[in-house]
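Right, one structure below, let's go through it.
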Amino acid sequence: MSWTNYHSHCNFCDGSDEARLYAETAAAQGMLAYGFSSHVPMPFFCAWSMKMENLAAYTTEIEKLKKEFAERLQIYRSLEIDYIPNVVGPQSQFIKEANLDYTIGSIHFVNQFADGRHWEIDGKALIFEEGLQQIFGGDIRKAVTRYYELTRMMVREECPDVIGHIDKIKMQNPDNKYFSEDEDWYRTEVLKTLDAIAGTKAIVEVNTRGIYKKKTTEPYPGKWMLGEILKRKIPVMINSDSHHPKEITAEFETASTLLKEVGFETVKSFIDNKWQDFSFTERGLNTNAIQSTNV
Ligand SMILES: [Zn+2]
Ligand SMILES: [Zn+2]
């Protein structure tokens, strides 16, 4: 039994420590594989993303760790890539040239303020409220609809291997501050998005960050959405979106227990340079399956 994590940040972006410390921690915990996915460089100022001039050094560093850790841990190199139409996306030219092992596509920005600033939907509540008022006239339904519309556009136009934290916008909705996920319009948006994903090979990650950061009570996505994902036979994987070494497998027991409850029997993991299905328990992936799927 062993865990894997493919959504992670280090100090090339807004993570706390050098990449090496995460690799050492993962190896010490007996993890099978660890993927680095720093925030993609942005063509505008962004406090938490990697700087474009550091991309080459990131590539060199992760490739070096791959070799150094080869006997103890499989290491992979990715980026968490924002999708902003006509600005950046999983199929931007510089992404193709970066020759990543896999891609994660995420929506952190929805539309722009009148002054051109991109509206960050997973930052401070104050900024969320500001954009909601100024860009969408205070209409939460329009804002959330646009968020899911962008997710569908990403899936149709620049589909990544992994859809990052698919319903992260719910972090702004504690105690149903703005809406209830039971409302018809919300469910319609989510189901349309899952239908779009179902026609691709993309994997929906179950991202535990909201839980251990105490922003949400469920992972991204939560139970009802996972039920709809299962119905559509969309593959899932468990990721922590770690920014600190202590977070690399945080709340994986919670996520795997939830997946079992919903009825999932396997999760995807990128092992030996390919996506494979593994049975799992609340203690980890059944790595014996590696031999059987490799024959
Ligand atoms: Zn993210
Ligand atoms: Zn992330």
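What's counted below: heavy atoms across the whole structure, side chains too, no hydrogens, waters or symmetry copies. Order of appearance sets the numbers: ligands from 1, and atoms from 1 within every ligand. Quick note: residue numbers are just sequence positions, from 1.
- Taking OG of Ser269 as the start and CE of Met237 as the end, the distance is 6.0 Å to the nearest 0.5 Å.
- The nearest N/O/S atom of Asp241 to the Zn ion (ligand 2) is OD1.
- Judged by a 6.0 Å distance limit and a 45° cone about the ring axis, Arg283 is not positioned over the six-membered ring of Trp3.
- Checking each of Tyr147, Trp48, Tyr83 against Phe109 for a ring-ring contact (aromatic ring centres under 6.0 Å, His included) leaves exactly one that passes, namely Trp48.
- Sorting the N, O or S atoms of His7 by how far they are from the Zn ion (ligand 2) puts NE2 first.
- Aromatic pair Phe36/Tyr76: centroids not less than 6.0 angstrom apart.
- Rounded to 10°, the angle formed at the Zn ion (ligand 2) by NE2 of His9 and OE1 of Glu80 is 90°.
- Aromatic pair Phe136/Trp119: centroids less than 6.0 angstrom apart.
- When distances to the Zn ion (ligand 1) are checked against a cut-off of 2.8 Å, His165 contributes an N, O or S atom below that limit.
- For His39, every N, O or S atom stays at 2.8 Å or more from the Zn ion (ligand 2).
- Minimum-distance N/O/S atom of His108 relative to the Zn ion (ligand 1): NE2.
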